[in-house]
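Read through the structure below, which is laid out as structure tokens, and then see the notes.
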Amino acid sequence: MNEELHERIREVVASVPEGTVATYGDVAALAGATTPRLVGRVLAEDGHDLPWHRILRANGTPAPHLAREQLARLRAEGVLADGQRVDLRRFRWRPS
DNA sequence: ACTCTGACCCAGT
DNA sequence: AACTGGGCCAGAG
């Protein structure tokens, strides 16, 4: 199952700073994953220790079943959402 | 070697 | 805005 890749994915997620967000696609690209699906998968299994709430879908909305919890956590660290959607232009994390 | 099912993504109706 | 359909990858049955 490629533990190596899973590890890199967790690292990337863990490196997203408080007050910013990243998309599944971003994480996948940075970690070298072939598809964003894998990111969601990894988080679903062992994302409990990670800042999973900073990971959003490409359009800035969270995964449906998590929306409430996730938006609440983001709001708590200064990331404001307009309804379900977070303004990626403003909060998206770009590694430098 | 199938078919299903997902914290996905993109483009077209 | 709501639905497609195609592509993607890995587990489970």
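No hydrogens, no waters, no symmetry mates; every other heavy atom, side chains included, goes into these values. Within every chain, numbering begins at 1; the chains are lettered A, B, ... in the order of the sequence lines, protein sequences first and strands thereafter.
- For the C1' atoms, the distance from dA1(B) to dA10(C) is 16 Å, rounded to whole Å.
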Listing time: all N or O pairs from protein to nucleotides 10-13 of chain B that are below 3.5 Å?
none

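- Residues forming a side-chain hydrogen bond (donor to acceptor under 3.5 Å, both in side chains) with E4(A) (at least two apart in sequence, or on another chain): R8(A).
- Applying the salt bridge (Lys or Arg N to Asp or Glu O under 4.0 Å) test to every pair with at least one member in residues 56-67 of chain A, sequence neighbours left out, gives no pairs at all.
- Comparing the C1' positions of dG7(C) and dG6(B) gives a spacing of 15 Å, expressed to the nearest Å.
- Checked against side-chain contact (heavy atoms from CB on, under 4.5 Å), E11(A) has the following partners two or more places apart in sequence or in another chain: E7(A).
- Between G83(A) and L71(A), the shortest heavy-atom contact is O-CD1, 3.6 Å.
- Here the CG atom belonging to L80(A) is positioned 5.0 Å from the CZ atom belonging to F91(A), to the nearest 0.5 angstrom.
- Considering every non-hydrogen atom in both P62(A) and A67(A), the closest pair reads CG-CA, 3.8 Å.
- Shown here are the side-chain hydrogen bond (donor to acceptor under 3.5 Å, both in side chains) partners of D46(A), two or more places apart in sequence or in another chain: R10(A).
- Applying the salt bridge (Lys or Arg N to Asp or Glu O under 4.0 Å) rule to pairs touching residues 27-44 of chain A yields nothing, sequence neighbours excluded.
- Shown for residues 62-88 of chain A: residues whose heavy atoms fall under 4.0 angstrom of DNA chain B, namely A63(A), H65(A), L66(A).
- Separation of atoms OG1 (T20(A)) and CG (L88(A)) is listed at 11.0 Å; rounding is to 0.5 Å.
- The side chain to side chain donor-acceptor pair (under 3.5 Å) analysis of residues 71-87 of chain A, with sequence neighbours excluded, yields the pairs H53(A)-E77(A), R54(A)-E77(A), E69(A)-R73(A).
- Applying the side-chain hydrogen bond (donor to acceptor under 3.5 Å, both in side chains) criterion to E18(A), with sequence neighbours excluded, gives no partner residue.
- Using a 4.0 Å cut-off on heavy atoms, the residues of residues 17-25 of chain A that approach DNA chain B are Y24(A), G25(A), listed by number.
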Give each protein N/O atom lying under 3.5 Å from an N/O atom of nucleotides 9-13 of chain C, with the pair distance.
| from | atom 1 | to | atom 2 | distance (Å) |
| --- | --- | --- | --- | --- |
| dG11(C) | O4' | R41(A) | NH2 | 2.6 |

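- Under a 4.5 Å side-chain heavy-atom cut-off, the cluster of Ile, Leu, Val, Met, Phe, Trp and Tyr residues that includes W52(A) is completed by L5(A), I9(A), V12(A), V13(A), V16(A), Y24(A), V27(A), L30(A), L38(A), V39(A), V42(A), L43(A), L50(A), I55(A), L66(A), W93(A).
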